[in-house]
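One structure is given below, encoded as structure tokens.
Residue indices begin at 1 and follow the sequence shown. The analysis underlying the following values was restricted to heavy atoms, covering all of them including side chains, and did not include hydrogens, waters or symmetry mates. In each ligand, atom 1 is the first atom listed, and ligand 1 is the first ligand listed. Keep in mind that this is a model prediction, so the values were computed, not measured.
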Amino acid sequence: MKKRIFSGAQPTGELHIGNYLGALKNWVALQHDYESFFCIVNLHAVTLPQDPKVLKKKTLDLARIYLAAGIDPEVSTVFIQSDVSEHAELAWVLNCVSRMGELERMTQFKDKGRGNAERASVGLFTYPVLMASDILLYQTDLVPVGQDQKQHLELTRDLAERFNRDFGDTFRIPDPYIPPVGAAIMSLKEPDKKMSKSDENLNGSIFLLDDPDTVTRKIRKAVTDSGTEITFDESRPAITNLLTIYHLLTGKTADECESHFEGKGYGVFKSELAEVTVEYLRPFQQKVKEFEDGDLERILSGGAEKARSVASETLKSVYSRMGIR
Ligand code: AMP
Ligand code: TRP
């Protein structure tokens, strides 16, 4: 039997090249070797205020993005979180297994709640528990995510181990899959901060749906480090970040990238990176437009049905072990 993968992204903001290189690209690469579940986590989205009309549209747009990026619905299960009510049900149970103290240690809550717990929603606080439910419902082996999700994966493992210990073996313990390169793509404007959907400075991110002129302009205006070398060097985070994007989009090895740009200036490097990025995104952007609404709905309802058949089995055994009928 194939091992299982589960991952997801929130249908908020615009997906950027960090989401793609840190997560989506790996989902596409891994999907043939694993039984894969890729979810659009709209219940996570409402932990922060959302405009209902926009959320609804973004949920379907994100499904289009998964498919255009190369997730094959014949091979992988693609579905919307709220279509499978088991996610919310298991989250309740796991809320009762989680400790306030361990959730208080989650750094993403501090970031997203802007340090103001008094004003943050309780949903934002228990966000990682819903994420644990997503993963554990599918008896997942591997969770391909970016570096920022590592702490949530550790919590997921802790909750699963605690439940198994207290109620008997129920959940498989998942491992994170964090890619060795690309797990944290940084802002083009502030290379010490990760590229983020919620960054107010739109010039810091290359969005997957940016048009060629916008991509080119953002790369041209990206900050650089002092010096002239175009090499991977931790002490020069801006150039290292740009070169990492080049490395991952071209598939050239790190050495090939460095020797390719040896003796060339930042101007040449940036125009080549812009060209590579534009050409990489072109077929993807074309595909995003191609999916008919009917086809999309068919894929999503088939996906939900498949997901539900697995999720309901897990929830049934959780309830029965806990004495919940
Ligand atoms: P989100 O859009 O926050 O739901 O994130 C979707 C996926 O993209 C998650 O697996 C994140 O870890 C990953 N991700 C988000 N930002 C970055 C980044 N700057 N670099 C690499 N991966 C990222
Ligand atoms: N929390 C993840 C993020 O912000 C999204 C997510 C929700 C997820 N549930 C998941 C990722 C389950 C992997 C597995 O990126």
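- Side chain to side chain, Asn42 and Thr59 fail the donor-acceptor criterion of an N or O pair below 3.5 Å.
- Listed by number with element, the atoms of ligand 2 under 4.0 angstrom from any heavy atom of Val145 are 11 (C), 13 (C).
- The aromatic ring centroids of Phe109 and Tyr127 lie 6.0 Å or more from each other.
- Contact check for Val129 versus Trp92: no side-chain heavy atoms found under the 4.5 Å cut-off.
- Inspection of the Glu272 and Tyr246 side chains reveals an N or O donor paired with an N or O acceptor under 3.5 Å.
- Of all protein heavy atoms, the one closest to atom 1 (N) of ligand 2 is Tyr127 OH, 2.7 Å.
- Between Tyr266 and Phe261, the ring center distance fails the sub-6.0 Å criterion.
- Looking only at atom types and distance, the side chain of Asp233 has a donor-acceptor partner in the side chain of Ser235 under 3.5 Å away.
- When non-hydrogen atoms are compared, ligand 2 lies under 4.0 Å from the side chain of Val143 (C-beta onward) but not from its backbone.
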Run Thr244 and Asn241 through side-chain hydrogen bond (donor to acceptor under 3.5 Å, both in side chains) and show every step you take.
CA-CA 5 Å; Thr244 300; Asn241 189 45; 5.5 Å; no
Quick check on ligand 1: any N or O pairs to the protein under 3.5 Å? One line per pair.
residue	atom	partner	partner atom	Å
ligand 1	2 (O)	Asn19	ND2	3.3
ligand 1	2 (O)	Lys197	NZ	2.5
ligand 1	4 (O)	Gln10	N	3.0
ligand 1	5 (O)	Asn19	ND2	3.4
ligand 1	8 (O)	Asn19	ND2	3.1
ligand 1	10 (O)	Gly146	N	3.2
ligand 1	12 (O)	Gly146	N	2.8
ligand 1	12 (O)	Asp148	OD1	2.4
ligand 1	19 (N)	Ile185	O	2.8
ligand 1	19 (N)	Met195	O	2.9
ligand 1	20 (N)	Ile185	N	2.8
ligand 1	22 (N)	Gly18	O	3.1

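- There is no side-chain donor-acceptor pair under 3.5 Å between Asp72 and Gln31.
- A donor-acceptor contact closer than 3.5 angstrom links the side chains of Tyr20 and Tyr280.
- Set against the non-hydrogen atoms of Val41, the atoms of ligand 2 under 4.0 Å away are 7 (C), 9 (N).
- Side-chain N or O atoms of Glu258 include one that pairs as donor or acceptor with a backbone N or O of Phe232 at under 3.5 Å.
- By the criterion of a heavy-atom distance under 4.0 Å, neither the backbone nor the side chain of Leu130 is placed next to ligand 2.
- Nearest to atom 5 (C) of ligand 2 among the protein's heavy atoms is Gly8 O, 3.6 Å.
- Ligand 2 places these atoms under 4.0 Å from at least one heavy atom of Gln10: 4 (O).
- Closest to atom 12 (C) of ligand 2, if we only count protein heavy atoms, is Phe6 CE2, 3.5 Å.
- Scanning the protein heavy atoms around atom 9 (N) of ligand 2, the nearest turns out to be Asp134 OD2, 2.6 Å.
- In terms of protein heavy-atom proximity, atom 2 (C) of ligand 2 is closest to Gln149 OE1, 3.4 Å.
- Atom numbering of ligand 2 starts at 1 in the shown order; those under 4.0 Å from a heavy atom of Ile135 are 12 (C), 14 (C).
- Ring-plane geometry between His87 and Phe6 is classed as tilted, the angle between the planes lying from 30 to 60 degrees on a 0 to 90 degree scale.
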